Asker: 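Have a look at the structure that comes next, please.
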Amino acid sequence: MIIEPTNGERIMVSPDLDGWRTRPMYTVRQAAKFAKVHPTTIRRWLHGYKAPEYGMQPVFGPGLPKTEQPTEISFLMLAEILVVLRFRKKGVTLERLRHAHDYAKRNLGIEHPFASLKLKTDGVHIFQEFEREEPGPHLLSLDKGGQWALPGPVVQLIEEFGFESDLLVARWSPAGRDVPIVVDPLYAAGKPTIRSRGVTIETIYKMFRSGYDIEFIASDFDLDPKIIQSALRHAPGLAA
């Protein structure tokens, strides 16, 4: 493990460490804040639930064992949650997504198919085959040329992801690629940070709320004041 402290904020883990994207990293509440949904929604997607007259199976395969540990969501699981949310906003049912996730996992040969670049490069073909086998509400949409394509919100999210050579998500730009904020499991335990610097958005936000002005914070971290302004604009939705 490689640790490079910068004001106590930057923690970098060697990329070859097994499980750096699959180990538990986020609480359900943290994941829900990133996804902008209620924590109960995340719990049901992960674990399913049973009620006297109704129940729901987990979205991502067999339910994860519930644990007393506060962190139970990995970075790749967070990425898949975000993708499911974008599909849901296009009206795709959870049942449909559950079957599609299982189908994509089997046909793409990877554990986290919704967190893979293959979702964009191979996903249309995979989902077309899926829809032929299991007709139902479409996971795809027709573009102006009459070709099947992933829904726009899903494509936009994939553009916010950064991928490693194994084609799995390695980092996420939650405010878009034009904003220098990144969620990277190699830095600051996966908290949102300033890209390439490791300074958490939470730290900047706390300093500002404590009365430090933008110029002082920028000078303290040797950053352009415009970056601090951008971080503060998005901080309420990203700071823990």
Side-chain angles (χ1 to χ4, degrees), residues 19 21-105 111-116 119 127 134 136-139 150-158 160-161 168-169 171-176 181-185 188-192 200-202 205-206 234-240:
R21 286 171 290 182
T22 58
R23 68 179 184 275
M25 179 167 287
Y26 304 103
T27 65
V28 168
R29 189 168 297 277
Q30 287 172 326
K33 186 170 186 177
F34 286 144
K36 297 180 174 61
V37 296
H38 196 278
T40 299
T41 298
I42 302 296
R43 290 191 184 95
R44 289 181 174 183
W45 290 1
L46 295 176
H47 303 295
Y49 75 98
K50 293 182 180 180
E53 297 182 359
Y54 180 74
M56 189 185 92
Q57 294 297 316
V59 177
F60 305 105
L64 297 172
K66 292 187 178 181
T67 172
E68 297 299 322
Q69 298 298 320
T71 55
E72 56 179 311
I73 296 175
S74 71
F75 178 74
L76 290 179
M77 289 165 60
L78 173 63
E80 292 207 294
I81 288 168
L82 295 169
V83 170
V84 165
L85 182 64
R86 300 298 174 97
F87 273 117
R88 291 287 291 134
K89 287 184 176 180
K90 293 298 291 183
V92 182
T93 66
L94 285 177
E95 180 180 9
R96 190 82 175 143
L97 286 166
R98 186 181 302 114
H99 291 305
H101 184 273
D102 177 67
Y103 188 90
K105 181 189 292 188
E111 184 66 24
H112 297 279
F114 286 2
S116 171
L119 183 68
F127 287 153
E134 298 189 34
H138 286 304
L139 291 171
L150 291 172
V154 177
V155 174
Q156 180 182 6
L157 176 64
I158 293 174
E160 295 171 3
F161 288 152
L168 288 175
V169 177
R171 63 201 66 83
W172 170 44
S173 300
I181 297 174
V182 67
V183 174
D184 187 329
K191 293 182 178 180
T200 67
I201 306 306
E202 180 182 10
Y205 191 46
K206 285 182 176 179
H234 297 280
L238 295 175

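Because the structure is predicted, anything quoted here is derived from the model rather than measured.
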Asker: Would you find a donor on one side and an acceptor on the other, under 3.5 Å apart, between the side chain of R171 and the backbone of P185?
Answerer: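 Looks like no, no N/O pair under 3.5 Å.
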
Asker: Going through the checks in order, is the side chain to side chain contact (heavy atoms under 4.5 Å, CB included) test met by V183 and F161?
Answerer: CA-CA 10 Å; V183 174; F161 288 152; over 6 Å; no

Asker: For L119 and P113, which heavy atoms make the closest approach, and how far apart are they?
Answerer: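 In this case the closest contact between L119 and P113 is CB-O, 3.8 Å.
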
Asker: Verify the neighbour count for atom NZ of K105: are there more than 12 heavy atoms of other residues, nucleotides or ligands below 6.0 Å?
Answerer: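 Count over threshold, so yes.
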
Asker: Which pair of non-hydrogen atoms, one from F34 and one from L78, has the smallest distance, and what is that distance?
Answerer: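 Closest approach of F34 to L78, heavy atoms only: CD1-CD2, 3.8 Å.
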
Asker: Apply the test side chain to side chain contact (heavy atoms under 4.5 Å, CB included) to residues L94 and M56: give CA-CA distance (whole Å), side-chain angles for both, the deciding distance (0.1 Å), then the verdict.
Answerer: CA-CA 9 Å; L94 285 177; M56 189 185 92; 3.8 Å; yes

Asker: Should K90 and P153 count as side-chain neighbours, where that means a heavy-atom distance under 4.5 Å?
Answerer: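 Yes, close enough: below the 4.5 Å cut-off.
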
Asker: In Å and rounded to the nearest 0.5 Å, what is the OG1 to NZ distance from T41 to K36?
Answerer: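 These two atoms lie 14.5 Å from each other.
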
Asker: Side-chain contact, heavy-atom cut-off 4.5 Å: L46 with V59?
Answerer: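 No; the side chains remain at least 4.5 Å from each other.
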
Asker: To the nearest 0.5 Å, how far apart are OG in S74 and CE in M25?
Answerer: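 Taking OG in S74 and CE in M25, the distance rounds to 8.5 Å.
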
Asker: Is there a side-chain contact between R86 and L82, using heavy atoms and a 4.5 Å cut-off?
Answerer: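 Not touching, per the 4.5 Å side-chain cut-off.
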
Asker: Who are the side-chain contact (heavy atoms from CB on, under 4.5 Å) partners of P39, not counting sequence neighbours?
Answerer: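 Once residues adjacent in sequence are excluded, the partners of P39 under the side-chain contact (heavy atoms from CB on, under 4.5 Å) criterion are V28, R29, A32, R43.
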
Asker: List the steps and the verdict of side chain to side chain contact (heavy atoms under 4.5 Å, CB included) for Y49 and Y54.
Answerer: CA-CA 9 Å; Y49 75 98; Y54 180 74; 3.0 Å; yes

Asker: Distance under 6.0 Å and angle within 45° of the ring axis: does R21 meet both against F75?
Answerer: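 Ring-cation test returns no.
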
Asker: So does M77 get a backbone contact from the side chain of Y26, meaning a donor-acceptor N/O pair under 3.5 Å?
Answerer: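 No: the side chain of Y26 does not pair with the backbone of M77.
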
Asker: Do you know the tightest heavy-atom contact between A188 and T200?
Answerer: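 Here A188 and T200 meet closest at CB-CG2, 3.6 Å.
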
Asker: Start with the C-alpha gap between L238 and Y205, add the side-chain angles, then the distance that decides, and say whether side chain to side chain contact (heavy atoms under 4.5 Å, CB included) holds.
Answerer: CA-CA 10 Å; L238 295 175; Y205 191 46; over 6 Å; no

Asker: W172 versus D184: any side-chain heavy-atom pair under 4.5 Å?
Answerer: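 SC-SC contact between W172 and D184 ruled out.
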
Asker: What class does the angle between the rings of F87 and F114 fall in, given that below 30° is parallel, 30 to 60° is tilted and above 60° is perpendicular?
Answerer: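 It falls in the tilted class, 30° to 60°.
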
Asker: With a 4.5 Å limit on heavy-atom distance, are the side chains of F60 and D102 in contact?
Answerer: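 No, every pair of side-chain atoms sits at 4.5 Å or beyond.
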
Asker: With sequence neighbours excluded, tell me which residues meet side-chain contact (heavy atoms from CB on, under 4.5 Å) with A115.
Answerer: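 With neighbours one apart ignored, the set is L76, A79, E80, H112, V169.
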
Asker: Determine whether more than 12 heavy atoms belonging to other residues, nucleotides or ligands lie under 6.0 Å from atom CD of E134.
Answerer: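 Check passes, neighbour count above 12.
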
Asker: How about R96 and L139: do any of their side-chain heavy atoms sit closer than 4.5 Å?
Answerer: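 Yes, side chains in contact.
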
Asker: Supply the atom-to-atom distance T93 OG1 to H99 NE2, rounded to the nearest 0.5 angstrom.
Answerer: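 Here the rounded value is 8.0 Å.
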
Asker: Measure the spacing between NE2 of H234 and CD1 of I201 and express it to the nearest 0.5 Å.
Answerer: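 So the NE2 of H234 and the CD1 of I201 are separated by 9.0 Å.
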
Asker: Are T27 and I73 side-chain neighbours, meaning at least one heavy-atom pair lies under 4.5 Å?
Answerer: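 No; the side chains remain at least 4.5 Å from each other.
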
Asker: With side chains defined as the heavy atoms from C-beta onward, is the minimum distance between I158 and L150 less than 4.5 Å?
Answerer: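 Yes, close enough: below the 4.5 Å cut-off.
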
Asker: Can H47 and E72 be counted as having a side-chain donor-acceptor contact under 3.5 angstrom?
Answerer: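 The answer is yes; a qualifying pair exists.
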
